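If you're wondering where the values come from, they're calculated on a predicted model, not measured in any experiment. Heads up: numbering here begins at 1 and tracks the sequence. Heavy-atom basis, side chains included; hydrogens, waters and symmetry copies ignored.
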Amino acid sequence: MCLYSVMAWLLNPFTFTIGTRGNCEPIVCAMILWIIICLIKGNVVQAAFWYGLVVHFRIYPIIYALPIVLVLDPHSFQSGQKPRLVNWKSSQDNASHSRKEVSEVYGVWTALKTIFTRGRIMFAMVSGSVFMLCTGLFFYLYRWEFLNEALLYHLTRTDPRHNFSIYFYHIYLHVEHEFSVVEKLISFLPQLIVQLVLIIRFAQDLPFCLFLQTVAFVAFNKVITAQYFVWFFCLLPLILPWSKMKLKWEGLSCVLLWMGAQTHWLLWGYLLEFKGKNVFLQLWLAGLVFLAANSFLLIMFIRHHKYSPIFKQLVRATSGNRDKSE
């Protein structure tokens, strides 16, 4: 299983094609994986440092801030103690029991009472300081051009070029119309709702939560290009061992569905880009199909995942067979 999971990244045509064309996405992926390792080892300061740096490097990991903060729970992270990893059993009963325990421990009132903890404050201060220091340095070097291109541009970005996003056709039709700030920000609403639901439901199972967040973020983004797929492929090896989905037939069906929806879009993109045919409407409909395929894959991953928090509650320790980190 370890070998197959690593193959999902190393032998993935998307990762080695995009990663070898002068793109920096594998560096970002390596930094995100290192942040997860630092959290597992209890190195909150080091995780915060790399998180601040990776958000400066690429803005999209900002969506991971809330689940990381929620994981830094005082029941798991206590001063001077390394967090203990949850022991995991392959039976579904154990997964259900773990989910029940988490719902009891992480009640709304408990979360509100323990929202400001040493670990969370330290993570916020260190990561925020690193991000502000890097941003301030490059603002000093390149002034407002850097700030607009690196950060502000993403909030109001409108790209009339055809891409996988369902928003491109509307933007293309109204490219000469000046969009208001409200119109530009309204597309973030579906993303925000989906992100909050996933975080509230799966934050304690951090790798799985980050994977779902990334897939949803890319699927509902205003602009989608092939390099964005690398963002969630790097997290795929972390969740495959905890999935009940078999490669035959459910897993293979999901792969073929995702590839088929993408190939269908690329066909219309080819006719538009290389043949000069007016197929904008068909291309937009293909984007809707691709969004539906991504949404279906999210549902399939959620339904077949063996939910288990990463960290054991220090006040309610349980025994098991083996460490989830294995």
TODO: Please tell me if the side chains of Pro190 and Phe188 come closer than 4.5 Å, counting only heavy atoms from C-beta onward.
DONE: no
Open item on the list: Quick check: closest heavy atoms across Leu72 and Gly119, and the distance to 0.1 Å?
Closed with: CD1-O, 3.8 Å
- [ ] Answer yes or no: does atom CH2 of Trp231 have more than 12 heavy-atom neighbours from other residues, nucleotides or ligands under 6.0 Å?
- [x] yes
- [ ] Verify, without hydrogens or angle tests, whether Gln262 (side chain) and Phe290 (backbone) share a donor-acceptor contact under 3.5 angstrom.
- [x] no
- [ ] Taking all non-hydrogen atoms of both residues into account, name the closest pair between Tyr64 and Leu210 and its distance.
- [x] CD2-CD2, 3.4 Å
TODO: Starting from Leu252, walk the hydrophobic network (Ile, Leu, Val, Met, Phe, Trp, Tyr; side-chain heavy atoms closer than 4.5 Å) and list everyone else you reach, by chain and number.
DONE: Trp249, Leu256
TODO: Please step through side-chain contact (heavy atoms from CB on, under 4.5 Å) for the pair Ile302 and Phe208, ending with a clear verdict.
DONE: CA-CA 9 Å; Ile302 292 173; Phe208 185 60; 4.2 Å; yes
Open item on the list: To the nearest 0.5 Å, what is the distance between SG on Cys29 and CG on Leu235?
Closed with: 7.5 Å
TODO: Run through Ile239, Val197, Asp205, Leu198 and flag the one making a side chain to side chain contact (heavy atoms under 4.5 Å, CB included) with Leu212.
DONE: Leu198
Task: Gln195 backbone acceptor or donor facing Gln213 side chain under 3.5 Å - done: no
Task: Within 45° cone and under 6.0 Å: Arg143 NZ/CZ vs Phe139 ring - done: yes
Task: CZ-CG distance between Phe301 and Leu297, expressed to the nearest 0.5 angstrom - done: 5.5 Å
Open item on the list: Tell me whether Tyr142 at atom OH has more than 12 heavy atoms from other residues, nucleotides or ligands lying less than 6.0 Å away.
Closed with: no
Open item on the list: Within this structure, what is the CG-CD1 distance for the pair Leu291 and Ile166, rounded to the nearest 0.5 Å?
Closed with: 5.0 Å
Open item on the list: Let me check something: do Leu11 and Met1 share a hydrophobic cluster, defined by ILVMFWY side-chain heavy atoms less than 4.5 Å apart, either directly or through other members?
Closed with: no
Open item on the list: Just so I know, are the side chains of Val230 and Val28 near enough to count as touching, which here means a heavy-atom distance under 4.5 Å?
Closed with: no
Open item on the list: Is the shortest side-chain heavy-atom distance between Phe57 and Cys24 below 4.5 Å?
Closed with: yes
- [ ] Check Val194 against Ala216 and note the closest heavy-atom contact, atom names and distance.
- [x] CG1-CB, 3.6 Å
Give every donor-acceptor pair under 3.5 Å between a side-chain atom in residues 272-283 and any protein atom, sequence neighbours left out.
| from | atom 1 | to | atom 2 | distance (Å) |
| --- | --- | --- | --- | --- |
| Glu273 | OE1 | His162 | NE2 | 3.4 |

TODO: Answer whether the closest heavy-atom distance between the side chains of Thr17 and Arg21 falls below 4.5 Å.
DONE: no
TODO: Look at the side-chain heavy atoms of Ile, Leu, Val, Met, Phe, Trp and Tyr, link any pair under 4.5 Å apart, and say whether Ile59 and Val69 land in one connected group.
DONE: no
Open item on the list: Please determine whether the number of non-hydrogen atoms from other residues, nucleotides or ligands lying under 6.0 Å from atom OH of Tyr60 exceeds 12.
Closed with: yes
Task: Shortest non-hydrogen separation from Met300 to Met245 and the atoms involved - done: O-CE, 3.7 Å
Open item on the list: How long is the straight-line distance from CD1 of Ile36 back to SG of Cys234, given to the nearest 0.5 Å?
Closed with: 7.5 Å
Task: Aromatic centroids of Trp258 and Phe14 separated by under 6.0 Å - done: yes
Task: Euclidean distance, Ile18 CD1 relative to Asn12 CG, rounded to 0.5 Å - done: 8.5 Å
TODO: On the 0 to 90° scale, with breaks at 30° and 60°, tag the Phe229-Phe232 ring pair as parallel, tilted or perpendicular.
DONE: tilted
Open item on the list: Checking Leu141 against Phe146 for the side-chain contact (heavy atoms from CB on, under 4.5 Å) test, could you report, in this order, the C-alpha distance in whole Å, the side-chain angles of both residues, the deciding distance, and whether it holds?
Closed with: CA-CA 8 Å; Leu141 295 175; Phe146 161 76; over 6 Å; no
- [ ] May I ask you to check whether Tyr228 and Thr214 show a side-chain donor-acceptor distance below 3.5 Å?
- [x] no
Task: Polar side-chain atom of Ser127 near backbone of Tyr51 as donor-acceptor pair, under 3.5 Å - done: no
Open item on the list: With heavy-atom distances below 4.5 Å as the criterion, would you say the side chains of Met7 and Tyr4 are in contact?
Closed with: yes
- [ ] State plainly whether one hydrophobic cluster holds both Met122 and Leu133, where clusters connect Ile, Leu, Val, Met, Phe, Trp and Tyr through side-chain heavy atoms under 4.5 angstrom apart.
- [x] no
Task: Separation of Trp265 CH2 from Leu285 CG (nearest 0.5 Å) - done: 13.5 Å
Open item on the list: When you group the ILVMFWY residues by side-chain heavy-atom contacts below 4.5 Å and let the links chain together, are Phe296 and Phe164 in the same group?
Closed with: yes
- [ ] Please report the shortest heavy-atom distance between Leu70 and Arg120, naming the atom on each side.
- [x] O-NH2, 3.3 Å
TODO: Flag yes if Val255 and Phe211 sit in one hydrophobic cluster, no otherwise; membership is Ile, Leu, Val, Met, Phe, Trp, Tyr, and two members link when side-chain heavy atoms are under 4.5 Å apart.
DONE: yes
- [ ] Heavy atoms only: give me the nearest Val223-Asn221 pair and the separation to one decimal.
- [x] O-ND2, 2.9 Å
Open item on the list: Below 30° counts as parallel, above 60° as perpendicular, anything between as tilted: where do the rings of His56 and Phe131 land?
Closed with: perpendicular
